[in-house]
A.B. asks: 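Have a look at this one.
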Amino acid sequence: RKEVEQDPGPFNVPEGATVAFNCTYSNSASQSFFWYRQDCRKEPKLLMSVYSSGNEDGRFTAQLNRASQYISLLIRDSKLSDSATYLCVVSRGGSYIPTFGRGTSLIVHP
Amino acid sequence: NAGVTQTPKFQVLKTGQSMTLQCAQDMNHNSMYWYRQDPGMGLRLIYYSASEGTTDKGEVPNGYNVSRLNKREFSLRLESAAPSQTSVYFCASRQDPETQYFGPGTRLLVL
């Protein structure tokens, strides 16, 4: 089993739709969790950190489920500009090496 | 602040040629990383440096060497380029346990 797994998609949704991605991780010692966004031919950029209590930033909501070892990202009212690849990142405490999922592709169409 | 910068942005090499990819960060981060990204493969760690003066192998180190020149700079060297090293290379820095910041990438084509 890969350490961090994501459904590669693509998720093809119309503007205004709500879409959710999940990411599962295998190491129960993981302590830090992040969602990154990567546009085509660009570098990954932090979208949001994921806290135990969950967190929201505008149309984006991230949640962590430690018992089932997954994190989720919910995007409400999708915009064309949300089209990108979303990378799940997990890091163990004391480790210098974050582990990246392979990403989930989102395409928002008019 | 510039964040993480990489040079060059693009490079074409012939098989067997050597080159060094440069990376610098101005955020005073301790850790720096080199990744390669290929279609369908995601980001794969080549080497990392947890702090100035230390370097360690990542998932795919063969064919590469690195130098942590100082706290700001972390270079990646290809001694004898091969077509399999055609990829996009990203440098990143991080202040543990916070997030990583990536440079804009170097697109390398080895003929």
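The basis for the numbers below is simple: all heavy atoms, side chains too, and nothing from hydrogens, waters or symmetry mates. Below, chain A is the first sequence line, B the second, and so on; all start at residue 1.
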A.B. asks: Which bit of A:L46 is near chain B, if near means a heavy-atom gap under 4.5 Å: side chain, backbone, both or neither?
C.D. replies: side chain
A.B. asks: What part of B:R44 is in contact with chain A, defined as an atom under 4.5 angstrom from a non-hydrogen atom: side chain, backbone, both or neither?
C.D. replies: neither
A.B. asks: Ring centroid separation for B:Y35 and B:F102, is it under 6.0 angstrom?
C.D. replies: yes
A.B. asks: I need the single residue from A:I75, A:I71, A:D7 that forms a side chain to side chain contact (heavy atoms under 4.5 Å, CB included) with A:F21. Which is it?
C.D. replies: A:I75
A.B. asks: In plain terms, say whether A:R92 and A:E3 are close enough for a salt bridge, that is, a side-chain N and a carboxylate O under 4.0 Å apart.
C.D. replies: yes
A.B. asks: Between A:V13 and A:I107, is there a side-chain heavy-atom distance shorter than 4.5 Å?
C.D. replies: no
A.B. asks: Count the heavy-atom pairs under 4.5 Å between each of B:R107, B:E59, B:M41 and chain A, then report the option with the highest count.
C.D. replies: B:R107
A.B. asks: Under 4.5 Å heavy-atom distance to chain B, tell me which part of A:Q31 shows up: side chain, backbone, both or neither.
C.D. replies: neither
A.B. asks: Picking from B:G58, B:G103, B:A92, B:G105, which has the most non-hydrogen pairs under 4.5 angstrom with chain A?
C.D. replies: B:G103
A.B. asks: Is it the backbone or the side chain of A:T85 that comes under 4.5 Å from a heavy atom of chain B, or both, or neither?
C.D. replies: neither
A.B. asks: Do A:D39 and A:R37 sit within salt-bridge range, that is, some charged N less than 4.0 Å from a carboxylate O?
C.D. replies: yes
A.B. asks: Could you tell me which non-hydrogen atom of B:Q85 sits nearest to which non-hydrogen atom of B:N62, and how far apart they are?
C.D. replies: NE2-O, 4.4 Å
A.B. asks: Below 4.5 Å from any heavy atom of chain A, which atoms of B:Q100 appear? Answer side chain, backbone, both or neither.
C.D. replies: both
